[in-house]
Structure formats: C-alpha cells, structure tokens
Amino acid sequence: PFRQEDVLRSLQLLAYLTKYPHVRQEFYKKRAHFPVQPVDPRNPTSSSAMGGKQSAAGNTLAQVAPVTAALAAGQVPQITTLFSLVERFTFRPSMSHLNLHPSLQIPTIPPEIQSWAAVIMRNACRKDDTQGGIRQCANMTCGKWERTPREFAKCRRCRKAKYCGKECQSKAWSMGHRYWCSVREGTEPGQVPP
C-alpha cells in the first residue's frame, strides 16, 4: 500500500529527527495501534472492511472514529512505540533460516530502507546530554532510564544499545536488535568483543 520511495524518504526524515533528544522522547511514547485488516479489493468501501456497523448518518464507524470501530469489531490494540515499528524495517533473514525453509516466501526489504532504519535505531540508543548523559533501555517496550550515566550494560557486539537487565536484552534481541546490531569497528568478523 505504500510506495518504496515514500517509505525511504520517511525513514530519512526520522533519522534526521531522532538525532535530537527532545524530539526522540516523543517517539518513545507508547501508542495503541490496531493490526491492519485486509480490504476486499472488489469492494474497498464495504462495511465489513470499514468496521461493520453503520452510524445514523449512513457512514461507517471506521469513517467516523477508526479506534471506536476497531474496538467495536473486537480488535485488541497493540501498544508500541515508533522505534518498535521502525525496527521491523531492519529485518534480514539469516542464511540458516533460508536454508531451513527454502519454500517460504520471505519478504525482502531493500538494503537502503534497512540501512536508514538501522540509523534510526542507533539514534534511539544515543545518550541524552540534556539529562546528564543518561540513556534509555534499548528494549523499546521497556522505557526505563538510567539513574546515573553508564549504569546499564552495553551490547557486547555493537556497543550502541544499552539494557537495564538481561531479560530486556534477550527480549530486544528476539524483537529485532539482532537485525540492526553490527559489529563495532576494529573487531574481526566472528569475534565477540570483550
């Protein structure tokens, strides 16, 4: 539904904006969103595609209030941050995954989109100098702040992401950090940094 160049330009704008701590904090705020419902291509304005129930004015609830319509349709909102959504654009299937499941049609994300999404994720892990150089946990669903600089442990591979604990690090790895985590400069490939 979105053109590739529109997604790329949006990510480039977000990469620029996420350099600034006061803007970055807005992107950490948790928001409710609803999974996208498939639309019947033969009738994209059908009441089932738009939430189902008609209002007194003849408009569907989805046209009047999308959140109300989603709740009325029984959908459960998912709580996420902007960074959690951007992290999905960093997905790169591993060769072992491709070899194990050769018949799967795994969507590929263009490298330039993956690259800009990774820049945004690294920006999300920047310290906030306006608050004394502290960082927020890199598990995008946690939101915990350091009380003092260097309180959280860094990812041993990329040295960019910092986590408040092992549980958050493990959860973040499975949620997508593994796709944008890159070995820091000066480290040999395959070698785990100290």
Side-chain angles (χ1 to χ4, degrees), residues 2 6-36 66-67 70 75-94 107 109-187 189 191-194:
F2 299 103
D6 293 339
V7 172
L8 181 61
R9 297 287 176 253
S10 298
L11 290 173
Q12 289 171 335
L13 177 62
L14 282 172
Y16 175 77
L17 291 173
T18 55
K19 292 190 313 185
Y20 302 102
H22 64 286
V23 177
R24 197 165 50 236
Q25 288 315 302
E26 290 300 313
F27 299 146
Y28 268 112
K29 289 184 179 173
K30 294 181 179 178
R31 293 171 171 82
H33 84 283
F34 294 89
V36 177
V67 173
Q75 292 181 354
V76 177
Q78 295 176 350
I79 306 300
T80 188
T81 67
L82 180 87
F83 292 118
S84 298
L85 295 174
V86 168
E87 194 167 39
R88 295 176 190 170
F89 286 104
T90 64
F91 174 74
R92 290 186 314 250
S94 67
I109 298 172
E112 61 273 7
I113 288 179
Q114 288 177 335
S115 175
W116 282 102
V119 167
I120 294 167
M121 296 312 298
R122 287 190 297 272
N123 283 348
C125 297
R126 284 183 169 197
K127 63 183 174 185
D128 187 348
D129 289 323
T130 64
Q131 295 187 38
I134 61 174
R135 297 178 198 241
Q136 199 163 5
C137 180
N139 174 2
M140 299 305 154
T141 60
C142 175
K144 186 175 179 183
W145 280 92
E146 291 178 316
R147 290 182 297 256
T148 60
R150 300 182 180 182
E151 176 185 350
F152 293 166
K154 286 184 179 180
C155 169
R156 290 184 66 203
R157 187 168 183 238
C158 68
R159 311 291 292 169
K160 301 278 186 220
K162 293 183 86 175
Y163 299 99
C164 62
K166 289 281 186 189
E167 185 177 315
C168 274
Q169 184 176 9
S170 178
K171 187 174 182 183
W173 186 260
S174 65
M175 287 175 58
H177 177 66
R178 66 178 175 261
Y179 301 121
W180 60 271
C181 180
S182 57
V183 177
R184 68 179 183 186
E185 293 177 24
T187 305
Q191 176 188 358
V192 176

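The basis for the numbers below is simple: all heavy atoms, side chains too, and nothing from hydrogens, waters or symmetry mates.
Considering OH of Tyr28 and SG of Cys142, their distance stands at 10.0 Å, rounded to 0.5 Å. The OG1 atom of Thr18 sits 9.5 Å away from atom CG of Leu13, with the distance rounded to the nearest 0.5 Å. In this structure, OH in Tyr20 is found 15.5 Å from CD in Gln25, a value given to the nearest 0.5 Å. Leu11 CG to Glu112 CD: the interatomic distance, rounded to the nearest 0.5 Å, is 10.5 Å. The distance from the CE atom of Met121 to the OG1 atom of Thr90 is 7.0 Å, given to the nearest 0.5 Å. In this structure, the separation between CD on Gln169 and SG on Cys137 is 9.0 Å, given to the nearest 0.5 Å.
A 4.5 Å side-chain heavy-atom check between Lys19 and Tyr16 finds at least one atom pair inside the cut-off. Thr130 has its side chain out of reach of His22: every pair of non-hydrogen atoms, C-beta onward, lies at least 4.5 Å apart. In this structure, Gln136 and Phe152 have side chains that are not in contact, with every pair of non-hydrogen atoms separated by 4.5 Å or more. By the 4.5 Å heavy-atom criterion applied to side chains, Thr141 and Met175 are counted as neighbours. Side-chain atoms of Asp128 and Trp145, non-hydrogen and from C-beta on, do get closer than 4.5 Å to each other.
In the displayed structure, Phe89 atom CZ is contacted under 6.0 Å by at most 12 heavy atoms of other residues, nucleotides or ligands.
Screening Val119, Val86, Asn123 for a side-chain contact (heavy atoms from CB on, under 4.5 Å) with Leu14, the sole residue that qualifies is Val86.
Counting only residues at least two apart or on different chains, the salt bridge (Lys or Arg N to Asp or Glu O under 4.0 Å) pairs with a member in residues 131-155 are Glu146-Lys162, Arg147-Glu151.
Relative orientation of the Trp180 and His177 rings is perpendicular, given thresholds of 30° and 60° on the angle between their planes.
With hydrogens and angles disregarded, no donor-acceptor distance shorter than 3.5 Å links the side chain of Arg126 to the backbone of Arg122.
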Between Arg88 and Tyr179, does a side-chain contact (heavy atoms from CB on, under 4.5 Å) hold up when you go through it step by step? CA-CA 9 Å; Arg88 295 176 190 170; Tyr179 301 121; over 6 Å; no
